[in-house]
Amino acid sequence: MGNCKTTYCFILNKLRATGHRITEQQRIVVREILSNQNVSTKELFYLVREKNSNVSQASVYRTVRKLENLGLLQRKSILSIDASQFQAS
């Protein structure tokens, strides 16, 4: 996994370590979550589409669900990354 110092890198490595293939669409979604925390999933979709019109709504929701299942994201009515997980040990 290498020496990872950023939250973005940590999230991608966690996805890889759990057997997920990382697509360019997922990278965009993760970047947008990190840049725009506390937005709804629907708002996130629109932000992602501004960056890349080829990302589908299903891709955004699947990525959010994966991150949520791994405990990396909490989804209520808004999205937020639990930064405490990314503290260096």
Side-chain angles (χ1 to χ4, degrees):
M1 275 207 234
N3 190 3
C4 185
K5 302 273 186 217
T6 66
T7 302
Y8 173 76
C9 181
F10 178 87
I11 291 170
L12 294 184
N13 284 340
K14 182 78 169 183
L15 285 166
R16 280 188 202 100
T18 55
H20 296 284
R21 184 175 61 91
I22 309 300
T23 65
E24 184 57 32
Q25 289 84 358
Q26 289 172 330
R27 290 174 192 271
I28 293 167
V29 172
V30 170
R31 278 190 216 110
E32 287 304 308
I33 290 171
L34 292 171
S35 297
N36 299 285
Q37 290 192 38
N38 300 319
V39 298
S40 70
T41 308
K42 189 173 201 172
E43 290 170 318
L44 176 65
F45 167 67
Y46 292 122
L47 291 168
V48 167
R49 287 295 291 244
E50 287 176 10
K51 302 287 186 212
N52 185 328
S53 63
N54 294 323
V55 180
S56 70
Q57 188 171 9
S59 292
V60 172
Y61 279 81
R62 274 194 305 271
T63 302
V64 167
R65 196 172 321 114
K66 284 178 190 179
L67 296 174
E68 188 177 28
N69 289 341
L70 291 172
L72 298 173
L73 179 134
Q74 295 177 344
R75 179 171 48 160
K76 295 178 181 149
S77 60
I78 56 175
L79 304 175
S80 69
I81 296 290
D82 181 4
S84 66
Q85 295 189 60
F86 310 113
Q87 303 303 317
S89 303

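One distance of note links CD of Q26 with CZ of R21; it measures 7.5 Å at 0.5 Å rounding. To the nearest 0.5 Å, the span separating CG on L70 from OG1 on T18 amounts to 4.5 Å. One distance of note links NE2 of H20 with CG of L12; it measures 12.0 Å at 0.5 Å rounding. Note that CZ of R62 and CD of Q25 are 9.5 Å apart. Values are rounded to the nearest 0.5 Å.
For the pair L67 and I11, the tightest heavy-atom approach, listed with the atom from each and the gap, is CD2-CG2, 3.5 Å. Scanning both residues, N54 and N52, for their nearest heavy atoms gives N-OD1, 2.7 Å. Across all non-hydrogen atoms, the minimal contact from Y61 to K42 is OH-N, 3.8 Å. Taking both residues in full, the closest heavy atoms of V55 and R49 are given as O-CD, 2.9 Å, listed atom of the first, atom of the second, then distance.
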Set out, in order, the CA-CA distance, both residues' side-chain angles and the distance that settles side-chain contact (heavy atoms from CB on, under 4.5 Å) for E32 and Y46, then state yes or no. CA-CA 10 Å; E32 287 304 308; Y46 292 122; over 6 Å; no
Starting from the C-alpha separation in whole Å, work towards a yes-or-no answer on side-chain contact (heavy atoms from CB on, under 4.5 Å) for N13 and C9. CA-CA 6 Å; N13 284 340; C9 181; 3.6 Å; yes
What's the verdict on side-chain contact (heavy atoms from CB on, under 4.5 Å) for R65 and N69, showing C-alpha distance, side-chain angles and the deciding distance? CA-CA 6 Å; R65 196 172 321 114; N69 289 341; 3.9 Å; yes
Could you walk me through whether T63 and V60 satisfy the side-chain contact (heavy atoms from CB on, under 4.5 Å) test, starting with their C-alpha distance in whole Å, then the side-chain angles of each, then the deciding distance to 0.1 Å, before giving a yes or no? CA-CA 5 Å; T63 302; V60 172; 6.0 Å; no
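Residue R31 forms a side-chain contact (heavy atoms from CB on, under 4.5 Å) with just one option from I28, I33, L34, V29, and that option is I28.
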